[in-house]
Amino acid sequence: MADTIKGLKRTAYCAEFNMNNVGEEITVFGWVQRQRDLGTLIFIDLRDRSGIIQLSFNGDTDPEIFEKAKATRTEWVIAAKGVVAERESKNKEIPTGDIEVMVNDFRIISKAETPPFEVEKSDTVGDDVTLKYRYLELRNERLTKNILMRHNIAKIAREYFYANDFIEIETPMMIKSTPEGARDYVVPSRIHNGKFYALPQSPQIYKQLTMIAGFDRYIQLARCFRDEDLRADRQPEFTQIDLEMSFVECDDIMAMCEGFIHKLMKETIGVDIPEKLPRMTFEEAMNSYGSDKPDTRFGMLIQDISDWADKTDFVVFKSAIADGGSVKAIVAKGGAAAYSRKKIDKLTNHAKGIGAKGLAYIRWADEEPNCSFSKFLKDGELEALIEILGAEKGDVVFIISDKTRKALTIMGALRLLAAKELDIIPENKWNYLWITEMPFFELDEETGEYVAAHHPFTMPLEESIQYLDTDKSKVKAQAFDLVLNGTELSSGSMRITDCALQNKMFELLGMTKEEIDAKFGFLVDAYRYAAPPHGGMGIGLDRLAMLICGADSLRDVVAFPKVQNASELMSGAPSYVDDAQLEELGINLINKES
């Protein structure tokens with residue numbers, strides 16, 4: 001029969017003790033990380049959520065306790081009481097490495113079978129195993145710290161926004177399906193047979209309604225759901241630090257967010273960032289970085305060489321310009337040594353894989369630069385280009401020609417790839433950045449039609465409204481994104497509060513009056529009863545935690561994540577339900593997998 005913890009109360013968590021506690025009697029609980037039996041000495045590394053402390057057993061230990069320690073195995077749950085002492089052989093790798101606990105009361109609370117992998121080495125085990133036994137993997141110190149960091153971020157968020165007069169309001173989890181850009185997860189209704197709820201992609205409409213209701217400042221750590229393909233920085237269910245504010249302008253919302261980010265960075269990892277974060281327009285970001293979420297930790301900016309290219313006889317460049325496109329280049333300083341011809345060929349194939357027609361280059365490894373298109377150049381033109389670009393011996397230049405937006409996007413992707421391959425992206429640098437003056441519409445290259453770039457409640461810039469019917473390319477949104485080191489953390493905007501303008505936006509999205517009434521009638525009705533000017537944003541808690549923890553994937557900061565096909569390996573979700581449940585819901589499955 002297992003021991004109990006009767007009569008024992010935890011003094012503190014394992015990693016909270018240090019040399020100041022020497023001589024004190026303490027009680028600790030946790031899991032056995034490792035047991036070392038040296039014959040007359042036994043050491044146990046005891047682990048809890050805070051870290052590890054060493055338990056020590058020797059010739060002075062009660063024989064019964066010593067035998068229990070001798071029998072103990074990895075991942076057993078134990079309780080120990082004893083006196084803190086200074087270690088003879090210290091371990092500088094852990095915070096408690098100067099001390100140990102001389103045990104005088106030892107209890108085995110729960111025995112474990114041999115686990116399918118060593119918890120402390122779970123990083124070396126495949127996902128198919130670790131995610132099946134996620135509760136074991138979460139005992140790994142790295143993942144435990146990540147989950148605790150995530151908790152701390154949530155705690156700081158609530159403290160900050162509460163202190164700034166925000167009210168936490170829970171919005172519904174089962175809502176009406178409304179178009180928000182991704183597929184909804186739907187929930188069938190038993191009572192309303194044939195009808196479905198949707199899980200919210202965001203609390204967007206409801207948080208706007210809280211502004212109309214007069215609550216002024218809303219905050220929620222909101223669970224959101226999107227049925228879309230997964231990536232390393234995407235999960236089907238995620239959490240937003242979601243906020244909305246009345247009687248404000250864009251600058252007010254951004255300043256509120258800056259205060260939170262400043263407090264967060266200082267209190268979590270001790271980093272001071274500017275109280276006012278830098279800003280860059282969408283066009284500036286695209287033209288210099290080829291991305292609306294630029295990584296500004298390194299240079300290698302995109303340069304436009306269209307004027308130079310148009311004067312050459314190289315038909316590839318000239319035809320791109322004649323079609324209304326442009327020619328873009330980046331200079332990888334010192335990259336000639338790393339980029340052999342073979343590696344450039346590999347990069348060219350990658351560029352073609354993301355839509356490029358080809359990749360021109362100049363590689364200056366020897367006395368004379370090697371140019372892939374030199375035979376099409378007249379005397380002096382290569383030298384002129386090198387001067388324009390500021391290239392030097394040892395550099396490599398990559399050039400793309402295409403439709404301007406496409407050329408920029410491809411070059412932006414190559415810029416990031418080259419920076420990673422050249423290992424020039426600095427670590428422990430936190431480049432937050434606001435992207436402003438977002439385009440309201442995006443041109444669909446396939447259809448030639450403009451489509452909305454934001455949700456339909458986003459307010460256009462006042463000076464842009466005149467172009468809604470005449471030139472959608474000139475319409476800018478009162479919207480802004482927060483970016484950190486090349487990752488988008490948040491999107492925000494001012495909201496439309498004018499009924500006529502809101503209906504106009506719905507119509508521009510191709511919606512009929514009947515569709516507007518069916519999908520958004522309740523919101524449009526609410527505007528009839530006077531809405532304050534308001535706006536807000538949602539900060540991705542998962543992505544923020546991932547970056548602060550230095551993790552490679554959202555899986556590392558989510559307790560029970562989904563895999564690529566949106567399934568959860570541990571529980572086996574999603575799963576079939578029995579026929580009786582389906583019958584109650586009025587659902588008949590077709591093409592059911594066997």
Side-chain angles (χ1 to χ4, degrees), residues 280 284-291 294-321 325-352 354-426 431 486:
M280 184 181 296
E284 289 171 338
M286 290 302 301
N287 288 335
S288 294
Y289 298 92
S291 172
D295 191 336
T296 60
R297 289 175 294 173
F298 62 99
M300 207 190 301
L301 303 187
I302 298 171
Q303 301 183 56
D304 189 303
I305 57 171
S306 300
D307 289 345
W308 170 88
D310 201 28
K311 296 171 185 174
T312 72
D313 293 331
F314 190 24
V315 68
V316 173
F317 290 169
K318 291 179 73 69
S319 61
I321 296 168
S326 55
V327 184
K328 304 294 183 181
I330 56 172
V331 179
K333 305 301 290 184
Y339 279 99
S340 62
R341 176 58 191 272
K342 183 177 180 181
K343 195 163 185 178
I344 291 175
D345 288 344
K346 185 177 179 182
L347 189 65
T348 301
N349 290 332
H350 178 81
K352 289 179 178 178
I354 56 176
K357 296 182 176 72
L359 179 65
Y361 68 87
I362 303 167
R363 181 174 178 266
W364 197 349
D366 303 313
E367 287 305 314
E368 297 296 324
N370 174 25
C371 175
S372 66
F373 52 95
S374 58
K375 64 182 179 181
F376 302 103
L377 301 180
K378 298 184 286 290
D379 288 346
E381 287 183 333
L382 178 58
E383 290 76 12
L385 176 58
I386 286 172
E387 184 176 351
I388 290 168
L389 293 171
E392 303 170 308
K393 184 179 179 181
D395 298 342
V396 62
V397 178
F398 299 115
I399 303 172
I400 291 283
S401 58
D402 212 315
K403 296 287 186 183
T404 299
R405 189 66 80 203
K406 187 175 180 181
L408 286 170
T409 302
I410 294 169
M411 191 56 83
L414 293 182
R415 172 182 176 266
L416 287 175
L417 180 59
K420 290 174 183 175
E421 291 182 341
L422 293 171
D423 195 24
I424 63 171
I425 304 176
N431 282 24

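Side chains included, hydrogens not; waters and symmetry mates left out as well; all remaining heavy atoms used.
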Problem set entry | Flag side-chain contact, heavy atom, 4.5 Å: H350 against L414 | yes
Exercise. Less than 6.0 Å separating the ring centroids of Y339 and F398?
Worked result: yes
Exercise. Does the side chain of N287 come within less than 4.5 Å of L408's, by heavy atoms?
Worked result: yes
Problem set entry | Flag if over 12 foreign heavy atoms under 6.0 Å of CG, N349 | yes
Exercise. Between the main-chain N or O of Y361 and the side-chain N or O of S372, is there a donor-acceptor pair closer than 3.5 Å?
Worked result: yes
Exercise. Where do K378 and E381 come nearest, in terms of heavy atoms and distance?
Worked result: N-OE1, 2.8 Å
For this session: Would you name the heavy atoms of I344 and R363 that are closest together and state the gap between them?
Result: CD1-CD, 3.9 Å
Exercise. Looking only at heavy atoms, which two atoms of G390 and D395 are closest? And how far apart?
Worked result: O-OD2, 4.4 Å
Exercise. Is the shortest side-chain N to carboxylate O distance from R341 to D345 below 4.0 Å?
Worked result: yes
Exercise. How about M286 and T409: do any of their side-chain heavy atoms sit closer than 4.5 Å?
Worked result: yes
Seminar exercise, completed: Taking every heavy atom of I321 against every heavy atom of S306, the minimum-distance pair comes out as CD1-O, 3.4 Å
Exercise. Is a side-chain N or O of K328 found less than 3.5 angstrom from the main chain of M411, in a donor-acceptor match?
Worked result: no
Exercise. Considering all heavy atoms of both residues, which atom of I424 and which atom of M300 are nearest to each other, and what is their separation?
Worked result: CD1-CE, 3.5 Å
Problem set entry | Pair L359-I400, side chain to side chain contact (heavy atoms under 4.5 Å, CB included): steps then yes or no | CA-CA 6 Å; L359 179 65; I400 291 283; 3.7 Å; yes
Problem set entry | Shortest non-hydrogen contact from T404 toward S326 | OG1-OG, 3.0 Å
Exercise. V397 versus I330: any side-chain heavy-atom pair under 4.5 Å?
Worked result: no
Exercise. Considering residues, nucleotides and ligands other than K343, do more than 12 of their heavy atoms fall under 6.0 Å from its NZ?
Worked result: yes
Problem set entry | Gap between atom NZ of K333 and atom CG of L422 - 0.5 Å precision | 12.5 Å
For this session: Would you sort out whether L385 and T312 count as a side chain to side chain contact (heavy atoms under 4.5 Å, CB included), showing the intermediate values?
Result: CA-CA 11 Å; L385 176 58; T312 72; over 6 Å; no
For this session: Classify the ring geometry between F373 and F317 as parallel (under 30°), tilted (30 to 60°) or perpendicular (over 60°).
Result: perpendicular
Problem set entry | I354 CD1 to K406 NZ distance, which is reported to the nearest 0.5 Å | 10.0 Å
Exercise. What distance separates I399 CD1 from L389 CG, expressed to the nearest 0.5 Å?
Worked result: 6.5 Å
Seminar exercise, completed: Here the gap from L382 atom CG to L377 atom CG, rounded to the nearest 0.5 Å, amounts to 6.0 Å
Exercise. Are the side chain of R415 and the backbone of D295 linked by a donor-acceptor contact shorter than 3.5 Å?
Worked result: yes
Exercise. Given side chains that start at C-beta, do those of V316 and F376 come closer than 4.5 Å, heavy atoms only?
Worked result: no
Problem set entry | Check: D366 main-chain N/O paired with W364 side-chain donor or acceptor under 3.5 Å | yes
